[in-house]
Amino acid sequence: MKHFLSLQEIQSLPSWVSEAVELKKDPYRDHALGRGKVLCLLFFNNSLRTRLSTQKAALHLGMEVMVMNFGSEGWLLEYEDGTIMDQGKAEHVREAAQVIAQYCDIVGIRAFAGLKDRKTDEAEQTLTAFARYAGIPVVNLESSVGHPLQALADAITIAEHNTRKRPKIVLSWAPHPRPLPHAVANSFVEMMKKQDVEFVITNPEGYDLNPEIRQGITVEHDQAKAMEGADFVYTKNWSSFTDYGQVINQDKNWMVTMEKLGKARFMHCLPVRRNVVVEDAVLNSPQSLVLAQANNRTYSAQLVLKKLLQQL
Ligand code: CP
């Protein structure tokens, strides 16, 4: 594995999940592996969990960590070649990536979708440019179209709490006042495709995810029907894909409630808007797995960093 840009890097999900579960038992056991190595985390967007859990993972592995809020503190980057840079962008990604690579051994990058233009977002400009020019391993900390570290943490969480041979897992859209990217939902769908589960996506008309990503998956526009008999309900808002990046419906009836959840476990990547996406009672109940998911972010990151360090 040269980089960790997407879930395609995971050859055998069961072995990755069991390795991560083993790491949790003794998080410092590979502390010597990262001694003398530096992880640099570049944030073009806000974060709580990704920022702190990835740092914690690196500390478990004995690495030093540098963090930069690139979006608010770095120079505005130019990505096109041959541009006459006489406008607002002060630095080309070619120099920026190679300079940063001189200061660290692995670089993590968070760069969200702009949600203005689908093709631009799908090009994954920032992640791709760093992978091309840095010459060191790049880790995706959530890009335009994917959040693989989150999906890996979610797979670990499901494995730890599943009691059935083939659980029913539902990904449900929920309302939100702002347009949100598709990255978390995309990666969760891709992760479900790697597992032997009964998987259903439910969302209102007009919110179907990218057809290439949801190919082969049942999409049910009746939320109650989709959630019948569910073991896990993963809730997330995303903006429209067909009417790209738009909020076309904020139907409050799609908020997840205890009544809808039944006996299922509730999952969400966080941050979550209480009483908009999900009611208080769900998050406050023992059926909620959101804290377990957040905890597993450390071990998904640690597993990825460990595998990259082993190849340096
Ligand atoms: N789930 C997640 O990625 O959280 P942050 O945006 O706070 O990092």
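Worth saying up front: this structure is predicted, and the values here are computed from it rather than measured. Values reported hereafter were calculated over all heavy atoms of this structure, with side chains retained and with hydrogens, waters and symmetry mates removed. Counting starts at 1 for both ligands and their atoms, in listed order.
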| said: Could you check whether Lys25 pairs with Glu22 (Lys NZ or Arg NE/NH1/NH2 to Asp/Glu carboxylate O, under 4.0 Å)? | reply: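 Between Glu22 and Lys25 there is a salt bridge, with a charged N closer than 4.0 Å to a carboxylate O.
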
| Who passes side-chain hydrogen bond (donor to acceptor under 3.5 Å, both in side chains) against His3, sequence neighbours left out? |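 In terms of side-chain hydrogen bond (donor to acceptor under 3.5 Å, both in side chains), with neighbours along the sequence ignored, His3 is linked to no residue.
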
| task | Ignoring hydrogens and angles, state whether a donor on the side chain of Asn69 or Ser72 is under 3.5 Å from an acceptor on the partner side chain. | result |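 Side chains of Asn69 and Ser72: no pair found under 3.5 Å.
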
| message | For a quick check under 3.5 Å, do Asp251 and Asn253 share a side-chain donor-acceptor pair by atom type? | response |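 There is such a pair (donor and acceptor under 3.5 Å, judged by atom type) between the side chains of Asp251 and Asn253.
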
For residues 92-100, dump all side-chain donor-acceptor pairs below 3.5 Å to protein atoms at least two apart in sequence or in another chain.
unit_1: His92; atom_1: ND1; unit_2: Arg94; atom_2: N; d: 3.1
unit_1: His92; atom_1: NE2; unit_2: Glu80; atom_2: O; d: 2.7
unit_1: Arg94; atom_1: NE; unit_2: Asp81; atom_2: OD1; d: 3.0
unit_1: Arg94; atom_1: NH2; unit_2: Asp81; atom_2: OD2; d: 3.0
unit_1: Gln98; atom_1: NE2; unit_2: Arg94; atom_2: O; d: 2.9

Listing, residues 150-160 side-chain donor-acceptor contacts under 3.5 Å, not counting sequence neighbours, or none:
unit_1: Gln150; atom_1: OE1; unit_2: Arg297; atom_2: NH1; d: 2.9
unit_1: Gln150; atom_1: NE2; unit_2: Asp154; atom_2: OD1; d: 2.9
unit_1: Asp154; atom_1: OD1; unit_2: Gln293; atom_2: NE2; d: 2.9
unit_1: Asp154; atom_1: OD2; unit_2: Tyr234; atom_2: OH; d: 2.7
unit_1: Thr157; atom_1: OG1; unit_2: Ala153; atom_2: O; d: 2.7
unit_1: Thr157; atom_1: OG1; unit_2: Asn296; atom_2: ND2; d: 2.9
unit_1: Glu160; atom_1: OE1; unit_2: Lys24; atom_2: NZ; d: 3.4
unit_1: Glu160; atom_1: OE1; unit_2: Asn296; atom_2: ND2; d: 3.0
unit_1: Glu160; atom_1: OE2; unit_2: Lys24; atom_2: NZ; d: 2.9

| request: Report all protein residues having a heavy-atom distance below 4.0 Å to some atom of ligand 1; order the list by chain, then number. | output: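 Near ligand 1, by chain and number: Ser47, Leu48, Arg49, Thr50, Arg110, His147, Gln150, Cys269, Leu270, Arg297.
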
